[in-house]
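Have a look at the structure below before the remarks.
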Amino acid sequence: GEIVVADDGLKLVQVFDGRGTHLRTLGKQLLQSAEGVAVDVRGRVFVADYRARAVVVLDLVSGTRIGVIPIEGKPYGVCITRRGEIVVSVMSGAQSLVVFG
């Protein structure tokens, strides 16, 4: 499998193989920040973009932006449940979780 890493310093996502070899970069010039990342079974990469106040959705293979999910507050983490729901940790005065399904 592949390892997908949010790189907030460079504002992009790095993809590595199981041995740690860099395979590709996603989100270059598409992200304002990259706080958290999750990948679903369909190969969509969900990136918590804190500065844009959104979750940016990228294609795992091509890196193409598929969509943007606006978030009230600042997202800093994202995960995908077994049912395919997108769970986003959000900072907006108090920390909260937002579920999209």
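Values in this document were obtained by computation on a predicted structure and should not be read as measured data.
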Kindly indicate whether the side chain of V13, heavy atoms from C-beta on, has any atom under 4.5 Å from the side chain of L31.
yes
For atom CZ of R44, is the number of surrounding heavy atoms from other residues, nucleotides or ligands below 6.0 Å larger than 12?
yes
The side-chain contact (heavy atoms from CB on, under 4.5 Å) partner of V39 among V45, L58, I3 is V45
Quick one: does any side-chain atom of D17 pair with a main-chain N or O of G20 as donor and acceptor, under 3.5 Å?
yes
For E2, side chain to side chain contact (heavy atoms under 4.5 Å, CB included) partners two or more places apart:
V15, L23, R24, L60
Any side-chain heavy atom of F100 within less than 4.5 Å of one from I71?
yes
Applying the 4.5 Å side-chain criterion to the ILVMFWY set and letting contacts propagate, would F46 and I66 be lumped into a single cluster?
yes
Do V90 and I86 share a hydrophobic cluster (ILVMFWY, side-chain heavy atoms under 4.5 Å, transitive)?
yes
Considering non-hydrogen atoms only, spot the tightest contact between A34 and A6 and give its length.
O-CB, 3.4 Å
Count I, L, V, M, F, W, Y as connected when their side-chain heavy atoms are under 4.5 Å apart, and connections chain through other members. Are L12 and V4 then in the same cluster?
no
Are the side chains of R51 and D8 in contact, using a 4.5 Å heavy-atom criterion?
yes
Decide whether V56 and Y50 are clustered together by the hydrophobic rule: side chain heavy atoms of Ile, Leu, Val, Met, Phe, Trp, Tyr closer than 4.5 Å, transitively.
no
Report whether V47 and I69 are members of the same hydrophobic cluster (ILVMFWY, side-chain heavy atoms less than 4.5 Å apart, transitive linking).
no
Can you name the residues that form a side chain to side chain donor-acceptor pair (under 3.5 Å) with S33, not counting sequence neighbours?
D49
Can you give me the closest heavy-atom contact between P75 and R53, atom names plus distance?
CD-CA, 3.8 Å
